[in-house]
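Take a look at the structure below.
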Amino acid sequence: MSSYPFHDVEKYWQSYWAERNTFATPNDTSKPKYYVLDMFPYPSGAGLHIGHPEGYTATDIIARYKRMKGFNVLHPMGWDAFGLPTERYSMTTGIHPSVATANNVATFKRQLSMLGFGYDWNREINTTLPEYYKWTQWMFLLLYNSWYDESLRKARPIEELQIPEGTDDVEKFRDEHRLAYIAMIPVNWCEELGTVLANEEVDEWTGKGYTVERRPMRQWMLRITKYADRLLDDLQFVDWVQSTKEMQEHWIGKSEGAEIEFPILGTEDTVRVFTTRPDTVFGATYLVLAPEHPFVTDIVTEEQQEAVKEYQHAAVLKSDLERTGLAKEKTGVFTGGFALNPASGEMIQVWIADYVLAHYGTGAIMAVPGHDERDHEFATQFGLPIIQVVAPPDGSVLDINESAFTENGISMDSQNAELKLTGLTTSEAKKEITQWLERKGIGKKTIQFKLRDWLFSRQRYWGEPIPIIFFEDGTKRALTPDELPLMLPDVADFKPAGTGESALATVESWVNFIDPKTGKRARYETNTMPQWAGSCWYYLRFADPHNNERFVGNDIEKYWMGTEPNSGGVDLYVGGAEHAVLHLLYARFWHKVLFDYGYVSTKEPFQKLFHQGLILGEDGEKMSKSRGNVVNPDDIVAEHGADALRLFEMFLGPLEATKPWSSKGIDGVVRFLNRSWRLMMTEDRTLSPNVQDIPLTDEQNRMLNATIKKIGEDIEQLSFNTAIAQMMMFVNEFTSAEIKPRSAMEKYVLCLASFAPHIAEELWKALGHTSSVALESFPSFDERALVQDTIEIVLQVNSKIRGKANAPAEATQDELEQIALANADVQKHIEGKDIKKKIIVPGKLVNFIVG
RNA sequence: GCCCGGGUGGCGAAAUCGGCAGACGCACAGGACUUAAAAUCCUGAGGUGUGUAAGCACCGUGUGGGUUCAAGUCCCACCCCGGGCACCA
């Protein structure tokens, strides 16, 4: 028996869908909406890999199922096409990135169509097209033209920023408050690439043998830190994988503590430190400043001058990685200066050490070696005093020179004339000391975040130009919305200028010009935006992709994203866990800015988030060319068909699990599809005469209804592997029937349709239907068909299974007991013994405890 | 080091609330069809022991303990694998 003609069938239905626009999604507000989104791909030259269809099949099943359940489903696809790989390809081949991108997009689109995904291609978007990046630039301007009002906890137009009396440079004051701003900050400069790398990119390139050093450069930054608390708080509104929420929480890194001022001896200066354990201030036996701390030069004594300089110099040369990474050995230098512990009144040494980070807190710490492991290690190494000021709550005694006691406990030896912490619990002591500090005006309660502002500029050609103009006189202006898009000029050479600027700096005709609005000689910003920019808001554009007046129309946004601020957004967002922090955090940030201006209606962009697991090579290793274990979807489709690939990727295991590919395993789903086909088709592709209008047996009816029920439930739970197992059971059951009841076959095809749409369409047509199965309703099931009159119950003696018996489903405990006692196997085991206890669970089991 | 997730047959896995462990599939074995093979259909199968056999007994969800009539599932301790963070005071 040959296999079903999947080549013809799949090709036929793909063109059928395309010609009839089967999956066109109207903005039809009369129906409930369902928005299901994949993280849109970067169209690489290599084409789709086998991992892409995993998430895409899952969302396609959901989309098709929800459509059959009566929803208006938005299930779009587009291209996140700016970025370094294409630019590097262009550098070596001379092929323009826009041409390379178009080619790659064509390949991806062909492959996606080949897999039968039901996208509305009228809504296709591409981040590299001017009609798209016009709005990315517009969003940048929105950020640039905004400041964050801490009291209202929202972004507001920069014109509404109150300028304090006596401010001479108003522009400078505004720049200091804009959500997009320029800063000189040390960045990861890679000489060979001639570009700055993001922190997350450093490993990738150093791994490839490139060297990366720290160099201060003029960079655009986004003030995401202003949103730290909201990004943290609003996680409560989303239905995400717990681990992803936690990763975001850790990334944002909120910690509560206090700032305390330590007077520097012999000066009027004070050093402010941040600590989460102000209750341990009596145990602060020295101070440590970050090597970059501005006070270092003031504090350092003549004798220590040279050593300090040398240490600072060494610290600057070290990369972040070297400073924090492998070398755990602590280093530091005494400045020669002393400070006063404001609580104990002790004179304490001031050191510099690179275990204190300049960019966190105040860039200075009070070292409490008795109750902080890092301080303990440092103090031990340099012979600094270690004292205990917190006792374990159980009153046990410990040797504080041996190791730090970092847990909460009871304060000890912590008092001065005005203040007594001794005897208080850690949380009481924190409150007490903070009040004292505030009363004295030498400290206050503070909250710190690990999150840092977003380095937003890249020295690359293939990205969105930043719409800012610089004038000769040192002033600048932002483009106005009517001047957008600021088009990326055509260039022949895509290499960075090598000066730390992008290739744009070498395009004389573009970069230098007379600004028509002001008549001044001007220069465009030559930095471009990072790849994250386009993906920060694309989910909104899918709702209204051709709108030239707005990035998304008001009503359309409200329909697809919802109007309830605390819920709503994209209903289901599926993508890799590698984007758990950055993409999702950045997109949430932009969304909140848009929310502050009323451009969007929900606080959060993505209501439910799901990460599909990785598909490994057959050897259980990550797929890679060098390992030679790469599976190409084109090959699989050619050999087994798209339905088989879709089904197999879903059958492999739970969607979220990492699981290996198996070339043998796919035979199982191929067989299943063939069995489904033969259930109702003849060899010559016509409906089998065995499909007839006959009633179902009770057993068949039960199987059919159980299948409908389970498939609906499993799809809702993204549990596709078990849904497929159920369909296999259905087919096994009906294969053995001589005559196949037509009604069961029809309902089965409707169940199969979301998973294997091509074969389902063909079967649906053979069953005599003239329209697409994709537009039919999902069958409902009859709960009554599922109830069984008699069920098998387990008979146990002393909790061991000794037999089984059929009992009426409604049997009472007494009846079950009688049935059990009548069972020969049970009798054998209870014979001559006392029944000490009876456990009878109706519908499940009877258990006699004998002795 | 810290925070998550996970360990179930030869393999991928399944198992609402604690109630028949291993559904479904792969691979395997036997049978039917065939000159033969493939394909297909049917049947079998966690392991060990025992028996000619139907069967019977014991063991079994990473390890060790615990709770319970009953534990893959709950509790405690530990081991291993995957992911994330990593001097954030």
Next item on the list: Classify the angle between the aromatic ring planes of Trp351(A) and Phe334(A) as parallel (below 30°), tilted (30 to 60°) or perpendicular (above 60°).
Entry: tilted
Note to self: Any strand counts, and the cut-off is 3.5 Å on both contacts for Watson-Crick or G-U wobble. Which nucleotide pairs with U50(B)?
What the structure shows: G55(B)
Notebook entry, point to check: The side chain of Lys330(A) lies closest to which of these nucleotides: C42(B), G19(B), C87(B)?
Noted result: C87(B)
Next item on the list: Please give the nucleotide sitting opposite G10(B) as a Watson-Crick or G-U wobble pair, both distances under 3.5 Å, or none.
Entry: C26(B)
Notebook entry, point to check: Between A89(B), A14(B), C42(B), which one does the side chain of Thr276(A) approach most closely?
Noted result: A89(B)
Note to self: By the 4.0 Å heavy-atom rule, please label Lys836(A) as base, sugar-phosphate, or nothing.
What the structure shows: nothing
Notebook entry, point to check: When all nucleic acid strands are considered with a 4.0 Å heavy-atom cut-off, which category describes Glu792(A): base, sugar-phosphate, or nothing?
Noted result: base
Margin query: For a quick check of understanding: with a heavy-atom distance under 4.0 Å over all strands, which category does Lys664(A) fall into, base, sugar-phosphate or nothing?
Written below: sugar-phosphate
Item checked: Integer angstrom distance from the P of G5(B) to that of C75(B) -> 12 Å
Next item on the list: May I ask you to verify if any side-chain N or O of Lys837(A) is less than 4.0 angstrom from the OP1 or OP2 atom of C69(B)?
Entry: yes
Next item on the list: Under 4.0 Å between any heavy atoms, over every strand shown, what does Ile365(A) touch: base, sugar-phosphate, or nothing? Just pick one.
Entry: base
Note to self: Taking the six-membered ring of Trp240(A) as reference, does the cationic atom of Arg588(A) (NZ for Lys, CZ for Arg) lie under 6.0 Å from its centre and within 45° of its axis?
What the structure shows: yes
Item checked: Where the chi angle of G62(B) falls, syn if within 90° of 0 and anti if not -> anti
Note to self: At 4.0 Å (heavy atoms only), tell me whether His829(A) reaches a base, stays on the sugar-phosphate, or touches nothing.
What the structure shows: sugar-phosphate
Notebook entry, point to check: Val288(A) pairs by side chain to side chain contact (heavy atoms under 4.5 Å, CB included) with which of Val356(A), Val271(A), Val273(A), Asp354(A)?
Noted result: Val356(A)
Margin query: Classify Leu845(A) by what it touches in the nucleic acid, base, sugar-phosphate, or nothing, heavy-atom distance under 4.0 Å.
Written below: base
Check: Hey, is the side chain of Tyr355(A) poking within less than 4.0 Å of OP1 or OP2 on A89(B), counting only N and O atoms?
Finding: no
Next item on the list: Identify whether any heavy atom of Ser662(A) sits under 4.0 Å from a base atom; if not, whether one sits that close to sugar-phosphate; answer base, sugar-phosphate or nothing.
Entry: nothing
Notebook entry, point to check: So which nucleotide from C87(B), C24(B), A89(B) ends up closest to the side chain of Met728(A)?
Noted result: C24(B)
Check: Base, sugar-phosphate, or nothing for Gln726(A), non-hydrogen atoms under 4.0 angstrom?
Finding: nothing
Next item on the list: Consider the side chain of Arg671(A), meaning its heavy atoms from C-beta on, and name the nucleotide among C87(B), C26(B), C85(B) that approaches it most closely.
Entry: C26(B)
Next item on the list: Kindly point out which of A27(B), A23(B), G25(B) is positioned nearest to the side chain of Ala725(A)?
Entry: A23(B)
Notebook entry, point to check: NA contact type, Ser736(A), heavy-atom cut-off 4.0 Å: base, sugar-phosphate, or nothing?
Noted result: nothing
Next item on the list: Remember a base hit wins even if backbone is also touched, and classify Ile849(A) as base, sugar-phosphate or nothing at under 4.0 Å, heavy atoms.
Entry: sugar-phosphate
Check: What does Asp375(A) touch in the nucleic acid at a heavy-atom separation under 4.0 angstrom: a base, only the sugar-phosphate, or nothing?
Finding: nothing
Notebook entry, point to check: Do any side-chain nitrogens or oxygens of Arg802(A) fall under 4.0 Å of OP1 or OP2 in C20(B)?
Noted result: no
Note to self: Quick check on the 6.0 Å ring-centre criterion: do Phe378(A) and Tyr286(A) meet it?
What the structure shows: yes
Note to self: Under a 3.5 Å cut-off for both contacts, is A70(B) paired Watson-Crick or G-U wobble with anything, and if yes, with which nucleotide?
What the structure shows: none
Margin query: So Asn721(A), base contact, sugar-phosphate only, or nothing? Heavy-atom distance under 4.0 Å.
Written below: sugar-phosphate
